[in-house]
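Letters A, B, ... are given to chains in the order of the sequence lines, protein chains preceding strands, and every chain is numbered from 1. Values below: every heavy atom of this structure, side chains too, minus hydrogens, waters and symmetry copies.
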Amino acid sequence: MLATRPRGTNDILPGKVEYWRKLEDVIHEICQQYGFREIRTPIFEHTELFARGVGETTDIVEKEMYSFLDRGKRNITLRPEGTAPTVRAFLENKFYAEPQPTKLYYIGPMFRYGRPQAGRFRQFHQFGVEVFSSHDPSIDAEVIALAMDYYKRLNISGLELHLNSVGCSKCRPAHKEKLLEHLKEQYTNLCPTCQGRYEKNPLRIFDCKNDTCQKLISAAPAITDCLCDDCREHFEQVQKYLKEINIEYIVDKKLVRGLDYYTKTAFEIMVEDIGAQSSIGGGGRYDRLVKECGGSDTPGIGFAMGLERVILTMEQQGLLKDTKFEQDVFVATVDSSLDLEAFKILQILRSEGLSAEKDYMGRSLKSQLKYADKLGVSHVLVLGQDELATGSITVKKMETGEQTQVQLAEFVSYIKKETNF
RNA sequence: GUGGGUGUAGCUCAGCAGGCUAGAGCACCAGAUUGUGGCUCUGGGGGUCGUGGGUUCAAGUCCCAUCAUCCACCCCA
């Protein structure tokens, strides 16, 4: 246990970190182009923020939060998602006092307690965006477009964008009534969890993978067919905007996102290549959340995507190549008495912007060469008594094996030229 | 939280129905005469057989528990 990482966590090792950097680079670039600014919120928040924000009856709050009492007896939770903290920051920092909308994005670790499996971890990473203050359907379309554009820039293929509208506080109650009415006689045929949903959150029954539940629910009235005028118009506009920029989507009437706060637009992006956890990203509109968190009535919309799943997909699709760690120069010494000279030369090379390495293990010259070869340097400087006597240094080009004597005063410019620096 | 698979050197694995000092390949380190890599050869270091119990004269090999890991369910990213 001492040298074992906690369950569901991962070390991102050298060689893989480059993947993450790549994803992050593209995130910063695309968000800048779409007019989003980065925000970094704490890794932990007051538990009540998530309890209220995410929803008391959600699985996240009921059984997946990493919560604890700190030494001041405060109830703290490691953030399970990024929307609630962003809303909190929006309110706490009074972003609403500035010209609206507020467009923010974040990247960072999230925590949920559950059994790990392919594409699911206890600590995982999300990239998400949030927009506050606008009801406009064009912003819904923009948020979706940003997500799709991101995958596109990473060359990910085989995605399906599922789109739905889950209505608002005006049309939901009427639909709920119809739904309950429809399912009433079939109640006993529902699976146990759906019987629970029937009471708590009947909309979620659409999500059930149980065959009989699916059969029952497919005949039931979909929320999408019961939208109020406002929601229907909004949904149509979102679709119109998406069509105009050629984003393909599937209207999925069964798409009901898990978190309580969603209203109107709901979407989810799926891939086949990553196992059972096929959702690579998702989001939607949350017009009541800001108010729920103590703010004024402020609409919002956003998405979050799981970076581990993005990477998993890219690996499956062969889009990520292992990068070799390469350095320019290795400084070898014929015997250890020259180590100080080598050390000084290293610093000169580095100050000139080259990457350079020497031996720290007391290796023989032969072993140093072997080691240098494994490091993949293009050139080795050999320093020995002969060189010292003539005030020169031997430069060996590893690819060809050819060596040349270079005066100490000139070796830097020589190396730079050689390495096309 | 539920179910199933797996757990032997750094890595990939072998270890036959329980029986002698637990092996291989790769990796690592060092040599193959005097200051030099990539090929080859030789040698070397390294294993609490996940952990803890139990059965047995004897367990890496059987049983139980536990931990970890993988996959699936629940749910989600």
Side-chain angles (χ1 to χ4, degrees), chain A residues 1-10 54-55 57-65 79-83 107-128 147 191-194 196-197 201 204 207-210 255-259 268-271 274-283 302-313 330 332-338 359 361-389 394-403:
Chain A
M1 290 297 284
L2 183 60
T4 309
R5 64 185 189 279
R7 182 166 212 193
T9 63
N10 283 111
V54 179
T57 62
T58 58
D59 273 32
I60 291 181
V61 172
E62 280 181 349
K63 55 182 198 185
E64 292 181 344
M65 292 207 298
R79 37 128 107 134
E81 55 101 57
T83 300
I107 312 173
M110 305 293 165
F111 306 83
R112 287 181 205 175
Y113 188 94
R115 288 274 197 96
Q117 73 186 73
R120 168 179 293 151
F121 305 97
R122 289 185 174 176
Q123 175 174 159
F124 59 103
H125 298 77
Q126 287 188 333
F127 152 47
C191 72
T193 44
C194 280
R197 286 168 174 158
N201 191 351
R204 301 296 317 277
D207 249 354
C208 190
K209 284 168 191 164
N210 182 300
L255 173 62
V256 181
R257 308 220 68 233
L259 310 183
E268 193 156 339
I269 297 121
M270 326 277 271
V271 226
I274 56 174
Q277 308 309 316
S278 57
S279 170
I280 188 175
F303 72 70
M305 62 176 76
L307 263 23
E308 280 80 1
R309 290 183 188 177
V310 173
I311 286 178
L312 201 58
T313 305
F330 186 90
T333 55
V334 171
D335 72 78
S336 57
S337 68
L338 295 161
D359 172 57
M361 303 301 290
R363 277 181 251 253
S364 65
L365 179 61
K366 189 187 180 81
S367 290
Q368 288 180 60
L369 265 294
K370 234 181 217 178
Y371 179 55
D373 185 49
K374 278 167 195 157
L375 287 181
V377 299
S378 61
H379 296 267
V380 172
L381 300 184
V382 181
L383 199 55
Q385 308 303 342
D386 298 351
E387 285 81 358
L388 210 61
T394 300
V395 180
K396 176 171 183 135
K397 189 172 184 179
M398 293 302 269
E399 200 182 330
T400 61
E402 62 186 313
Q403 302 192 167

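- If you check B:G38, B:U36, B:C73 against the side chain of A:Gln277, the one that comes closest is B:C73.
- On the C1' atoms, B:U56 is 12 Å away from B:C63, given to the nearest whole Å.
- Counting any heavy atom pair closer than 4.0 Å across all strands shown, A:Gly119 reaches a base atom.
- Base-pair partner of B:G19: B:C57 (Watson-Crick or G-U wobble, both distances under 3.5 Å).
- Following rounding to the nearest Å, A:Phe330 (CZ) and B:G35 (C1') show an atom-to-atom distance of 14 Å.
- Distance, A:Glu64 CD to B:C73 C1': 13 Å, rounded to whole Å.
- Comparing atom distances between the A:Phe124 side chain and each of B:C70, B:U36, B:A77 picks out B:A77 as nearest.
- Using a 4.0 Å heavy-atom criterion, one finds that A:Ser367 contacts the sugar-phosphate atoms exclusively.
- Nearest nucleotide to the A:Arg5 side chain, out of B:G35, B:A72, B:U69: B:U69.
- A residue-by-residue look at A:Lys63 and A:Pro116 shows that A:Pro116 has its nearest nucleotide of RNA chain B further toward the 5' end.
- Nucleic acid contact for A:Gln123: none, since no nucleic acid atom lies under 4.0 Å from a heavy atom of the residue.
- Within the nucleic acid shown, A:Gly114 has no heavy atom closer than 4.0 Å to any nucleic acid atom.
- Between the side chain of A:Arg79 and the backbone N or O of A:Pro109 there is at least one donor-acceptor pair closer than 3.5 Å.
- Residue-level contact check: A:Ile280 touches the backbone only, with heavy atoms under 4.0 Å from sugar-phosphate atoms and none from bases.
- Sequence order on RNA chain B of the closest nucleotides to A:Asp373 and A:Phe121 puts A:Asp373 first from the 5' end.
- Going from the P atom of B:C26 to that of B:U42 covers 11 Å, rounded to whole Å.
- With both pairing distances under 3.5 Å, B:U66 is matched to B:G50 as a Watson-Crick or G-U wobble pair.
- Rounded to a whole Å, the CG atom of A:Asp335 is 13 Å from the P atom of B:U36.
- Side-chain N/O atoms of A:Gln368 include none lying less than 4.0 angstrom from OP1 or OP2 on B:G37.
- In this structure, A:Leu375 atom CG and B:A27 atom P are separated by 16 Å, rounded to whole Å.
- For A:Lys396, the side-chain atoms get nearest to B:U36 when compared with the rest of B:U36, B:C71, B:G35.
- Across the P atoms, B:C62 and B:A14 are found 14 Å apart, a figure rounded to whole Å.
- The side chain of A:Leu369 sits closest to B:U36 out of B:U36, B:C73, B:A68.
- The residue A:Glu268 sits apart from the nucleic acid: no heavy atom pair falls under 4.0 Å.
- The A:Ala276 side chain lies nearest to B:A72 when the options are B:G37, B:C29, B:A72.
- Stacking here means ring centres nearer than 5.5 Å and ring planes tilted less than 30 degrees, and by that measure A:Tyr371 does not stack onto B:G37.
- Within the 4.0 angstrom heavy-atom criterion, only backbone atoms of the sugar-phosphate kind lie near A:Lys374; the bases stay farther away.
- Between A:Arg115 atom CZ and B:A77 atom P the separation is 21 Å, expressed in whole Å.
- Figure legend. B:A30 is base-paired to B:U42; pairs are counted as Watson-Crick or G-U wobble with both atom distances under 3.5 Å.
- On the C1' atoms, B:U12 is 16 Å away from B:C28, given to the nearest whole Å.
- Nucleotide B:G3 has B:C71 as its partner under the Watson-Crick or G-U criteria, with both atom distances under 3.5 Å.
- The nucleotide whose nearest atom lies closest to any side-chain atom of A:Arg112 is, among B:G31, B:G37, B:A77, B:A77.
- Taking the C1' atom of each, B:A9 and B:G23 are spaced 10 Å apart, rounded to whole Å.
- Here B:U36 presents its P atom at 16 Å from CG of A:Asp359, a figure rounded to the nearest Å.
- Distance noted for atom C1' between B:A27 and B:C70: 25 Å (whole Å).
- Between the P atom of B:G37 and the CZ atom of A:Arg363 lies a distance of 15 Å, rounded to the nearest Å.
- Distance CD/A:Gln368 to CE/A:Met361: 12.0 Å, rounded to 0.5 Å.
- Taking atom P on both B:U66 and B:G1, the two are 12 Å apart, rounded to the nearest angstrom.
- No donor-acceptor distance shorter than 3.5 angstrom exists from the side chain of A:Arg363 to the backbone of A:Ser367, with no hydrogens or angles considered.
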Run the numbers on A:Met305 and A:Ile269 for side-chain contact (heavy atoms from CB on, under 4.5 Å), then give the verdict.
CA-CA 9 Å; A:Met305 62 176 76; A:Ile269 297 121; over 6 Å; no
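- The base of B:U36 sits within donor-acceptor range of the side chain of A:Gln403, with an N or O pair under 3.5 Å.
- Taking the C1' atoms as reference points, B:G7 lies 16 Å from B:A65, given to the whole Å.
- A:Glu308 CD to A:Met110 CE: the interatomic distance, rounded to the nearest 0.5 Å, is 10.5 Å.
- For A:Arg309, the listed nucleotide lying nearest its side chain is B:C76; candidates were B:G35, B:C76, B:C29.
- The backbone N or O of A:Asn10 sits nowhere less than 3.5 Å from a side-chain atom of A:Gln123 that would complete a donor-acceptor pair.
- The minimum heavy-atom distance linking A:Val61 with A:Gly55 is given by the pair CG2-O, 3.2 Å.
- Within 4.0 Å of A:Gly8, counting heavy atoms only, lie sugar-phosphate atoms of the nucleic acid but no base atom.
- Separation of atoms CD (A:Gln385) and OG1 (A:Thr333) is listed at 10.0 Å; rounding is to 0.5 Å.
- Within 4.0 Å (heavy atoms only), A:Ala372 reaches no atom of the nucleic acid at all.
- Inter-residue side-chain proximity for A:Asp359 and A:Phe330 is flagged as met; some heavy-atom pair is nearer than 4.5 Å.
- The separation between A:Leu255 atom CG and B:A77 atom P is 11 Å, rounded to whole Å.
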